[in-house]
Amino acid sequence: MSTLAERAETADGYRPRHTLPLRVELLRQLKRRRTLVMGAILAVLPFVLVVAFAIGGQPGSRNGQVTLMDTATASGANFAAVNLFVSAGFLLVIPVALFCGDTIASEASWSSLRYLLAAPVPRTRLLWSKLAVALGLSLAAMVLLPVVALAVGTAAYGWGPLEIPTGGALSTGTATQRLLVVIAYVFVSQLVTAGLAFWLSTKTDAPLGAVGGAVGLTIVGNVLDAVTALGHWRDFLPAHWQFAWADAVQPQLIWAGMIKGTAISVTYALVLFALAFRGFRRKDIVS
């Protein structure tokens, strides 16, 4: 009876799944200043590194040990890999936390959240649209950096194979495939930050609190991973596997570390996303 009554009160032509289309939400987010600023920062980073290498000279081995950073100027592919290496630990955390943490909390801070729900946009539909766009922008940020770096590095250092610090090289075709694997894994490894930011975004009306909280908790995870006294307990920390993608820039692609890291990251993310959906459905919206 309740279902029939609800249908009777629903306006003709109303379809919950058609509310807040993804293209509308995407356009809204693309036009925001923070999206443009973050895109500009990621696009400028490769140019900053090129200038740094030009001023400081060519990188060299330290104590006889050659690292990925030391091969940065070997080719465009090496330069792209180095950009991912220097940014994966922190810089790429920020756009993920920003896009996922700002999405719901910003609507609440603008007092527009209740009007969206009164449109009416079902709560679950609202969250799915916001989350899908936020994850899409996060992935775009992670693709933008290496693509720009590859173009800038190729212009500065030439197109060539990816030289491996431990010896040997990967052909340009293989190097491109490996870089795609690296980007995919970095994105998956950041799903924990995305989950934290999105969950906090549904709990607070302060966007800065959600973004800052997600970044702060991610930093705490990195600090705990540095505590060797924790032993094997560190294996359950997402931060412990954040650089497992380094196995993709070896002569033989090794999946073990990335598979473990993916399992840990996806598990944490699913729990956090579930908490966000569950809590938001029961939350009183007053802003």
Worksheet item: What residue pairs, at least two apart or across chains, pass ring pair (Phe, Tyr, Trp, His ring centres under 6.0 Å) with a residue in residues 166-192?
Response: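 For residues 166-192, and leaving out neighbouring residues, there are no ring pair (Phe, Tyr, Trp, His ring centres under 6.0 Å) pairs at all.
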Item to complete: Keeping to residues at least two apart or across chains, list the ring pair (Phe, Tyr, Trp, His ring centres under 6.0 Å) pairs with something in residues 249-272.
Response: none
Same cluster or not: [X] versus [Y], using hydrophobic residues (I, L, V, M, F, W, Y) connected whenever any side-chain heavy atoms lie under 4.5 Å apart?
| X | Y | result |
| --- | --- | --- |
| V181 | I254 | no |
| F47 | M69 | yes |
| F90 | V96 | yes |
| V147 | L180 | no |

Between [X] and [Y], what is the shortest heavy-atom contact and its length?
| X | Y | result |
| --- | --- | --- |
| L162 | A175 | CB-CB, 3.6 Å |
| P146 | A80 | O-CB, 3.9 Å |
| S138 | C100 | OG-SG, 4.2 Å |
| F273 | L191 | CZ-O, 4.4 Å |
| V266 | V188 | CG2-CG1, 4.1 Å |
| A141 | F99 | CB-CE1, 4.4 Å |

Worksheet item: Given a cutoff of under 4.5 Å between side-chain heavy atoms of I, L, V, M, F, W and Y, with clusters grown through shared members, what are the other residues clustered with V44?
Response: V48
Discussion item. Connecting only ILVMFWY residues whose side-chain heavy atoms lie within less than 4.5 Å of each other, what is the rest of W159's hydrophobic cluster?
Written reply: L150
Side-chain donor or acceptor of [X] paired with backbone N/O of [Y] under 3.5 Å:
| X | Y | answer |
| --- | --- | --- |
| S201 | I104 | yes |
| Q190 | L139 | no |
| T35 | Q29 | yes |

Item to complete: Any side-chain hydrogen bond (donor to acceptor under 3.5 Å, both in side chains) involving residues 76-105? Give me the pairs, sequence neighbours left out, ordered by first then second residue.
Response: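 As it turns out, the side-chain hydrogen bond (donor to acceptor under 3.5 Å, both in side chains) pairs with a partner in residues 76-105, which skip direct neighbours, are R32-D102, R34-D102, T71-N78, S75-N78.
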Discussion item. Applying salt bridge (charged side-chain N to carboxylate O under 4.0 Å, His left out) as the test, list every pair that has at least one member in residues 220-243; sequence neighbours left out.
Written reply: none
Worksheet item: Are K203 and L275 close enough, and set up right, to give a side-chain contact (heavy atoms from CB on, under 4.5 Å), and what steps lead you there?
Response: CA-CA 10 Å; K203 306 296 289 184; L275 288 174; over 6 Å; no
Worksheet item: Got a sec, which residues hit salt bridge (charged side-chain N to carboxylate O under 4.0 Å, His left out) with R281, two or more places apart in sequence or on another chain?
Response: none
Practice prompt. Would you please name every residue forming a salt bridge (charged side-chain N to carboxylate O under 4.0 Å, His left out) with R278, sequence neighbours left out?
Written response: none
Suppose we screen for side chain to side chain donor-acceptor pair (under 3.5 Å). Which residues come up paired with [X], at least two apart in sequence or across chains?
| X | result |
| --- | --- |
| S171 | T174 |
| T204 | none |
| T218 | T193 |

Worksheet item: For F85, does the CZ atom have more than 12 heavy-atom neighbours from other residues, nucleotides or ligands under 6.0 Å away?
Response: no
Discussion item. Tell me if the CG atom of L36 is crowded by more than 12 foreign heavy atoms within 6.0 Å.
Written reply: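 Correct, the count exceeds 12.
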Item to complete: Report the residues that fulfil side-chain contact (heavy atoms from CB on, under 4.5 Å) with A276, sequence neighbours left out, ordered by chain and then residue number.
Response: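 Here the qualifying residues are F198, W199, T202.
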Item to complete: Check the pair V82, T73 against side-chain contact (heavy atoms from CB on, under 4.5 Å), reporting the backbone distance first and the verdict last.
Response: CA-CA 9 Å; V82 166; T73 59; over 6 Å; no
Item to complete: Could you please spell out the steps behind the side-chain contact (heavy atoms from CB on, under 4.5 Å) verdict for L49 and F79?
Response: CA-CA 9 Å; L49 290 182; F79 186 70; 3.9 Å; yes
Item to complete: Output, in order, the C-alpha distance, side-chain angles, deciding distance and verdict of side-chain contact (heavy atoms from CB on, under 4.5 Å) for L91 and V86.
Response: CA-CA 8 Å; L91 181 59; V86 300; over 6 Å; no
